[in-house]
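Down below is the structure, laid out as structure tokens.
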Protein chains: 2
Amino acid sequence: MLELERPDTLVQRVVNSIREEIASGRLLAESRLPTEHQLAEQLNVSRSVIREAVSQLKADGILISRRGFGSYISKTPAGTVFRLPSKNGHTLDLAQLFEMRLWIEAQAAGIAASRRNAADLRRMEKALEVMAANASDFDLSAAADVEFHRAIAAACRNEYFLAFHDFLGSQLTAARRTAWENSAALRGGSMDAQNEHRELFAAIALGDPETAAKCAERHLQASAGRLGMVLPNSVYHRSQD
Amino acid sequence: MLELERPDTLVQRVVNSIREEIASGRLLAESRLPTEHQLAEQLNVSRSVIREAVSQLKADGILISRRGFGSYISKTPAGTVFRLPSKNGHTLDLAQLFEMRLWIEAQAAGIAASRRNAADLRRMEKALEVMAANASDFDLSAAADVEFHRAIAAACRNEYFLAFHDFLGSQLTAARRTAWENSAALRGGSMDAQNEHRELFAAIALGDPETAAKCAERHLQASAGRLGMVLPNSVYHRSQD
DNA sequence: AAAGATCAGGTTGTCTGACATTATTGATGC
DNA sequence: GCATCAATAATGTCAGACAACCTGATCTTT
């Protein structure tokens with residue numbers, strides 16, 4: 001099935017153009033941007049287009065504008081948002097994304113093992129119970145699975161880390177949905193998953209970071225297998241070269 | 001020194017408004033947005049304001065619009081960009097940010113130890129040499145330091161992970177610049193840092209993930225100390241509770 | 001009756017021009 | 001020298017228009 005790709009809108013082209021000016025160093029940090037009128041004339045587009053483009057760059061923290069004064073490049077021209085780099089434009093590399101999540105999740109498990117308090121453990125255990133009680137209900141048990149892993153990330157007590165964990169999760173489920181619509185592959189191995197969860201939980205409860213991290217890694221690796229994904233080699237148990 | 005709080009621009013308020021509408025579930029995924037004319041009338045602003053707001057949300061992957069048809073909520077209403085959550089609006093928690101970087105860097109070191117190839121090792125070594133040769137030149141040695149850690153992250157062979165590593169680095173240097181303008185505190189401990197780097201490099205070259213991760217963690221912890229930062233307790237060497 | 005062509009209405013994309021609000025700057029007066 | 005004030009200019013917002021395009025209904029042809 002073929003897809004027709006369309007030319008970029010003017011706004012998109014202006015955004016790319018300004019981004020490149022900055023990346024190439026022709027526009028330096030904290031230097032002033034030409035006025036919107038000038039930009040409109042230089043690029044031969046209307047001021048509305050310029051304003052929409054600048055509006056996007058402002059939202060990314062790349063530009064700053066002050067009414068009555070003008071717009072200038074931010075002190076941090078790299079911006080304040082993180083976008084997953086996508087080469088061709090749309091498709092994400094599911095395997096690499098999952099691999100990164102595996103690493104984050106493993107690190108989270110290790111840290112959680114040394115920082116978790118009683119409330120964290122209760123929250124994890126509760127999620128496990130819900131998962132066990134609703135093993136037949138896919139939506140419920142999937143939600144409990146997310147909650148279990150989220151409780152682990154939350155036990156690290158770092159809001160940025162937690163936010164990034166959530167971000168990866170949402171990106172992954174979204175990408176998976178668009179890739180294969182059949183996530184039913186999970187159903188088969190739910191018993192194994194439950195055991196892996198229990199192991200992981202035990203290591204965290206015991207306060208054993210190394211074991212927790214390894215349990216998490218094994219669990220995620222197994223999950224990938226259940227989803228039919230092929231990851232690069234394992235991190236810790238790989239043959240030496 | 002006090003700061004004058006200004007009311008948000010109309011565009012910003014519209015953006016927040018639509019975001020909230022989605023977060024609260026009043027606007028469902030894949031459902032259509034009112035037309036720009038309707039939105040303008042409902043919110044009592046001009047269409048230009050609506051267009052700028054929608055433009056931002058499109059850039060974040062929250063909205064999608066098709067000419068002649070309309071705009072609708074994306075399948076992934078969480079968006080495709082990651083923003084560091086900032087409560088009050090501007091200041092980031094430097095300690096938490098640094099802590100997260102420490103974790104990422106430690107994980108990167110461990111993975112790199114099992115994935116690095118000859119070219120990776122050469123790249124790291126080269127960075128170390130540059131750093132040693134220009135110990136007195138702050139800018140040069142700082143750049144080499146960045147390059148060293150970047151080579152480690154690159155050796156993990158995961159472009160998303162590398163991109164996130166870079167993002168954290170840029171955010172951190174930016175935040176540090178605005179916090180204290182004097183990063184001269186680094187100068188004193190450059191000899192220690194050099195030793196830590198050598199240790200870390202040796203572990204990676206040897207292919208010992210656990211040691212590499214621990215070296216990286218110690219190094220970053222020491223760096224934090226040299227910067228006068230107070231981090232939460234270490235992950236692995238913390239007293240049991 | 002079914003398939004294709006045409007048309008009408010609506011929506012986003014872009015352009016134009018205007019006014020409001022705010023910051024900079026230089027002249028003025030003392 | 002210093003405060004005041006007008007002139008200038010930039011962004012923020014508004015209003016209206018046309019272009020390009022999509023959808024669905026109607027009309028035409030087979």
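Chain naming here is simple, since letters A, B, ... match the order of the sequence lines and numbering starts at 1 in each.
- Rounded to a whole Å, the CD atom of B/Glu36 is 16 Å from the P atom of D/dG16.
- Atom CZ of B/Arg32 and atom CG of B/Leu63 lie 13.0 Å apart (nearest 0.5 Å).
- When each of B/Phe69 and A/Arg66 is assigned the nucleotide of DNA chain D bearing its nearest heavy atom, the one mapping closer to the 5' terminus is A/Arg66.
- Contacts between residues 56-65 of chain A and DNA chain D, defined by a heavy-atom separation under 4.0 Å, are made by A/Lys58, A/Ser65.
- Remark: B/Glu21 CD is packed, more than 12 non-hydrogen atoms of other residues, nucleotides or ligands lying under 6.0 Å away.
- B/His37 places its NE2 atom 10 Å from the C1' atom of D/dA17, with the value rounded to the nearest Å.
- Looking at heavy-atom distances under 4.0 Å, A/Ser48 makes contact with a base.
- Nucleic acid contact for B/Val54: none, since no nucleic acid atom lies under 4.0 Å from a heavy atom of the residue.
- Along DNA chain C, the nucleotide nearest B/Thr35 and the nucleotide nearest A/Gly68 are compared for position; the residue whose nucleotide lies closer to the 5' end is B/Thr35.
- Among the nucleotides C/dT14, D/dT11, C/dG13, the one closest to the side chain of A/Val49 is C/dT14.
- For B/Arg13, the CZ atom sits in a loose shell: 12 or fewer heavy atoms of surrounding residues, nucleotides or ligands are nearer than 6.0 Å.
- Rounded to whole angstrom, the span from the CD atom of B/Glu52 across to the P atom of D/dC14 amounts to 11 Å.
- One can place CD of B/Gln38 at 18 Å from P of C/dG9, the figure rounded to the nearest angstrom.
- Fit an axis to the five pairs at each end of the helix from C/dA1-D/dT30 to C/dC30-D/dG1 and the two axes sit 20° apart, to the nearest 10 degrees.
- Mapping B/Ser46 and A/Arg6 onto DNA chain D by nearest heavy atom places B/Ser46 closer to the 5' end of the strand.
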Q. Does the pair B/Asp60 and B/Arg83 meet the rule for a salt bridge (charged side-chain N to carboxylate O under 4.0 Å, His left out), with working shown?
A. CA-CA 10 Å; B/Asp60 280 10; B/Arg83 311 185 115 88; 2.5 Å; yes
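- Computed from coordinates, the B/Leu10 CG to D/dT11 P distance equals 18 Å when rounded to whole Å.
- In this structure, CZ of A/Arg67 is placed 8 Å from P of C/dT21, rounded to the nearest angstrom.
- Per the geometry, CG belonging to A/Leu43 stands 15 Å off C1' belonging to C/dT14, to the nearest Å.
- Shortest non-hydrogen contact noted between B/Ala59 and B/Val81 is O-CG1, 4.4 Å.
- Note: B/Phe164 CZ to B/Phe82 CZ = 5.0 Å, rounded to the nearest 0.5 Å.
- Taking only distance into account, the side chain of A/Arg47 meets the base of D/dG12 through a donor-acceptor pair shorter than 3.5 Å.
- Between B/Val14 and B/Glu52, every side-chain heavy-atom pair lies at or beyond the 4.5 Å cut-off.
- Across the protein-nucleic acid pair, B/Leu39 atom CG and C/dG13 atom P stand 13 Å apart, rounded to whole Å.
- Put simply, the side chain of A/Gln171 never gets that close to the backbone of A/Leu168: no donor and acceptor are under 3.5 Å apart.
- Checking side-chain atoms of A/Arg115 against main-chain N and O of A/Cys156 turns up a donor-acceptor pair under 3.5 Å.
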(Q) Let's go through B/Lys75 and B/Glu30 carefully: what are the C-alpha distance in whole Å and the side-chain angles of both, what is the deciding distance for salt bridge (charged side-chain N to carboxylate O under 4.0 Å, His left out) to 0.1 Å, and is it a yes or a no? (A) CA-CA 6 Å; B/Lys75 272 178 302 191; B/Glu30 305 217 55; 5.9 Å; no
